[in-house]
Amino acid sequence: MSVASSKKVRVRFAPSPTGYLHVGGARSALYNYLFAKQNKGQFILRIEDTDEARSTDDSLRMVMEDLQWLGLQWDEGPNPKTLEDLGNFGPYRQSRRLDLYKKYADELIATGKAYYCFMTDAEMDVQREALLKEGKSPHVESPYAEWTVEKARAKMSEGATAVVRFKTRHLRKDYVFTDLVRGEVKFPSDMVSDFVLLRSGGMPVYNFCNVIDDHLMQISHVLRAEEHLPNTLRQMMLYEAFGWELPLFGHMSLILDEDRKKLSKRKGATSCHEFKMEGYLPAALNNFMALLGWSHPEEKEIIPMEELIEKFSVHRLHPSGAVFDAVKLKWMNSVYLRALSDEQIWQELKPFLDRAHLDLPADSAWQKKSVSVFRSAMETLAESVELYRPLCDKSFVIQPEGEDTLKWEQAKPVLQAWKDLVEQEPNEFMTEERFLQIQDLVKEKSGCKGKFLFMPMRVAVIGKPHGTELKILVPLLKKTSLIERAKICLQKIS
RNA sequence: GUUCCCAUCGUCUAGCGGCCUAGGACACCUCCCUUUCACGGAGGAUACAGGGGUUCAAAUCCCCUUGGGAACGCCA
């Protein structure tokens, strides 16, 4: 099977804007983007917004924002700011191409390849159930298929509403095409019945717009998810009816949830936006998605974007569904995170810390130092919030388990010794070594050791007896903060 | 129900007839490092769905069974 097309490479990602970008869609976009870049072709963003009930401009902006966050910039499509068309094959929003679809539908009606159908939902339901009972496919068999256009128009002039259906009953043969990832696929024509082209309101339907747009936009390769495989038959029928050349199709595997069902919005994080908010790096998400159904020729796992573009190949697309393993994504994110410098990590972290209203020192030396001690403890940016929270004075509160610890008779001498020693410190911050020395001094002065030493001290610093090591936390806290916290605890005791 | 697609460790996968007593990655287990954890390092356990063929030789090709998924819409 050959990927080579006589046409120059033009691929598209065609989402319907109904919310944030889903990871399934994001992966489709990624693969199309990689393929376009590798072949010096065009990556087109086309908006399939013919479902008026669900499509909104807000959603469109969200999808574009997610795409841009991932770095998958399109060569043609709506301008992300103004929504105006960018490119010579527009409009790129199907809702702006309605006249075009109408024109082609009229052409099919005129040549007898499509017809007006007046069936009601109730009539179709009856038919469907009857067929299902007989063990047949629940196909519509419209009695209006052989009506003349004149007769139909007359009925419409009396106020009847009609959909336009494509006539399939004469097409008795197998439709065969070579899928880029699955090889030869054969569909019997009776797999579908007369399908709708134009809804009663005149709005076109997916399978119809898709064919017209892919043809008019000179799309060379259609790389889309496997759920569209059965649609290919309808589309082939349409290409045939118009006498147009077929693009090359490649249907990639579905992304599944842990129950091996198509990943749906109902379960866990499935949109790019959610991953962004949870603190995943776009590079990590891209890398991870690329590996869901595709593999590097040398089995590499950590693959930067440039290499993805260079090594991507439809031949290495895996045909079976892939379960979305959030744990592995997290690991991959940690790899990308740890590859960053302390400064870079701080920059990434800052929005998360700000959003959690943690006010931390603005001093860059402190920031770098804090990242250097926490960097190996987090896998996502959002996890940094709980790591940094104990460092923020405002969030210091004595937890219930901390209060229990303060009731111990050893608590008072430990805290008193700790506060006195810290007060004698000359510097704003103490080093880890100095802290360890002071800890020994506290032990000496209070006569307490083991958990009776460590736990009260920890409460004096973070408000609870368990948590991050003190030798890491204390050097990041100002002397004044340490004293203030110790005082709060001491007050609690007396 | 019908049609189509799919089938290697728990998960993502390598494998395109001999290099496979099946390799890598995540997760898991053990040990080392670390006076906790994490990071890091060294090991370990775990898979060709089943049955028939074809072949000197099958995880790889063919058929059947089973299992899973998707589609069958005036959603895309």
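Residue numbers begin at 1 in each chain, while the letters A, B, ... track the order of the sequences. In what follows, every heavy atom counts, from backbone to side chain, and hydrogens, waters and symmetry copies are set aside.
Taking atom P on both nucleotides, C32(B) is separated from C16(B) by 40 Å, rounded to a whole Å. Nucleotides C33(B) and A42(B) have their P atoms positioned 15 Å apart, rounded to a whole Å. Comparing A59(B) with G23(B), their P atoms sit 14 Å apart, to the nearest whole Å. Across the C1' atoms, A7(B) and G51(B) are found 15 Å apart, a figure rounded to whole Å. Look at the P atom in both U8(B) and U13(B): the space between them is 9 Å, to the nearest Å. Straight-line distance between the P atoms of G10(B) and C48(B): roughly 9 Å, to the nearest whole Å. Only the C1' atoms considered, C28(B) is 12 Å distant from C9(B), to the nearest whole Å. Spacing between U46(B) and G24(B) at atom P, rounded to whole Å, works out to 14 Å.
Looking at heavy-atom distances under 4.0 Å, His228(A) makes contact with a base. Backbone-only contact: Glu48(A) has heavy atoms under 4.0 Å from sugar-phosphate atoms and none from a base. When heavy atoms are screened at a 4.0 angstrom cut-off, Ser193(A) is found touching no nucleic acid atom at all. Note on Arg165(A): only backbone sugar-phosphate atoms sit closer than 4.0 angstrom, heavy atoms only; bases stay farther off. Using a 4.0 Å heavy-atom cutoff across all strands shown, Val327(A) reaches sugar-phosphate atoms only and no base atom. Using a 4.0 Å heavy-atom criterion, one finds that Arg234(A) contacts the sugar-phosphate atoms exclusively. Across all strands shown, Lys262(A) has heavy atoms under 4.0 Å from sugar-phosphate atoms exclusively, and none from any base. Residue contacts shown for Ser320(A) are limited to sugar-phosphate atoms, with no base heavy atom under 4.0 Å away.
The side chain of Lys261(A) sits closest to G69(B) out of G69(B), U11(B), A27(B). Considering only side-chain atoms of Val196(A), the nucleotide from G73(B), C6(B), C12(B) that sits closest is G73(B). The listed nucleotides are G24(B), C39(B), C4(B); the one nearest the side chain of Arg338(A) is C39(B). Distances were taken from every side-chain heavy atom of Pro188(A) (C-beta onward) to each of A70(B), C26(B), U3(B); the shortest belongs to U3(B). Considering only the side chain of Arg260(A), C12(B) comes nearest among A27(B), C12(B), A76(B). Listed nucleotides: C74(B), C6(B), G24(B). Nearest to the side chain of Ser200(A): C74(B). Side-chain atoms of Val163(A) lie closest to C74(B) of the nucleotides C74(B), C12(B), A38(B).
Residues Arg12(A) and Asn210(A) bring a donor and an acceptor atom of their side chains to less than 3.5 Å of each other. Donor-acceptor pairing under 3.5 Å is lacking for the side chains of Gln94(A) and Arg97(A). Side-chain N/O atoms of Glu76(A) and Tyr92(A) include a donor and acceptor closer than 3.5 Å.
The distance from atom CG of Leu180(A) to atom C1' of C5(B) is 16 Å, rounded to the nearest whole Å. Rounded to an integer number of Å, the gap from Gln127(A) CD to C72(B) P is 17 Å. One atom, CG of Asp194(A), and another, C1' of C72(B), lie 14 Å apart when rounded to the nearest Å. Between Glu432(A) atom CD and U35(B) atom C1' there is a gap of 12 Å when expressed in whole angstrom units. Between Leu256(A) atom CG and G69(B) atom C1' there is a gap of 7 Å when expressed in whole angstrom units. When the P atom of C39(B) is taken as reference, atom CD1 of Ile345(A) falls 14 Å away, rounded to whole Å. Computed from coordinates, the Leu229(A) CG to C5(B) P distance equals 7 Å when rounded to whole Å. One atom, CE of Met332(A), and another, P of G24(B), lie 17 Å apart when rounded to the nearest Å.
Figure legend: cation-pi geometry between Lys173(A) and Tyr175(A), with NZ or CZ positioned under 6.0 Å from the six-membered ring centre and within 45° of its axis.
When ring centroids are compared, Tyr144(A) and Tyr115(A) stay outside the 6.0 Å threshold. Here the two rings, on Phe35(A) and His221(A), have centers that are under 6.0 Å apart. Less than 6.0 angstrom separates the ring centroid of Phe275(A) from the ring centroid of Phe324(A).
For A76(B), its base sits under 3.5 Å from the side chain of Asn231(A) at one donor and acceptor pair at least.
Partner assigned to A45(B) is none, using Watson-Crick or G-U wobble distances below 3.5 angstrom. Base-pair partner of A7(B): U66(B) (Watson-Crick or G-U wobble, both distances under 3.5 Å). The pairing partner recorded for C19(B) is none, the criterion being a Watson-Crick or G-U wobble arrangement whose two distances lie under 3.5 angstrom. Pairing for A58(B) is absent, judged as Watson-Crick or G-U wobble with the two contacts each under 3.5 Å. Pair check for C72(B) finds G1(B); Watson-Crick or G-U wobble, both atom distances under 3.5 Å.
Ring planes of Phe242(A) and Trp244(A): parallel class, angle under 30° (limits at 30 and 60°).
Each of Pro230(A) and Val185(A) has a nearest nucleotide on RNA chain B; the 5'-most of these lies closest to Val185(A). Nucleotides of RNA chain B nearest to Asn207(A) and Arg27(A) differ in position, and the one nearer the 5' end is that of Arg27(A).
Taking side-chain N and O atoms only, His318(A) has a distance below 4.0 Å to OP1 or OP2 of A14(B). For Arg316(A), a side-chain nitrogen or oxygen approaches OP1 or OP2 of G15(B) to under 4.0 Å. OP1 or OP2 of C37(B) has not a single side-chain nitrogen or oxygen of Thr468(A) nearer than 4.0 Å.
Annotation: side chain of Pro247(A) is in contact with side chain of Tyr239(A) (closest heavy-atom distance under 4.5 Å).
Each of Trp74(A), Phe13(A), Phe43(A) was compared with Tyr33(A) under the ring pair (Phe, Tyr, Trp, His ring centres under 6.0 Å) criterion, and only Phe43(A) meets it.
Residues from residues 291-307 of chain A that place a heavy atom under 4.0 Å from any atom of RNA chain B, listed by number: Leu291(A), Leu292(A), Gly293(A), Ser295(A), Glu299(A), Glu301(A).
The pair Arg128(A)-Asp125(A) meets the salt-bridge criterion, with a side-chain N (NZ, NE, NH1 or NH2) lying under 4.0 Å from an Asp/Glu carboxylate O.
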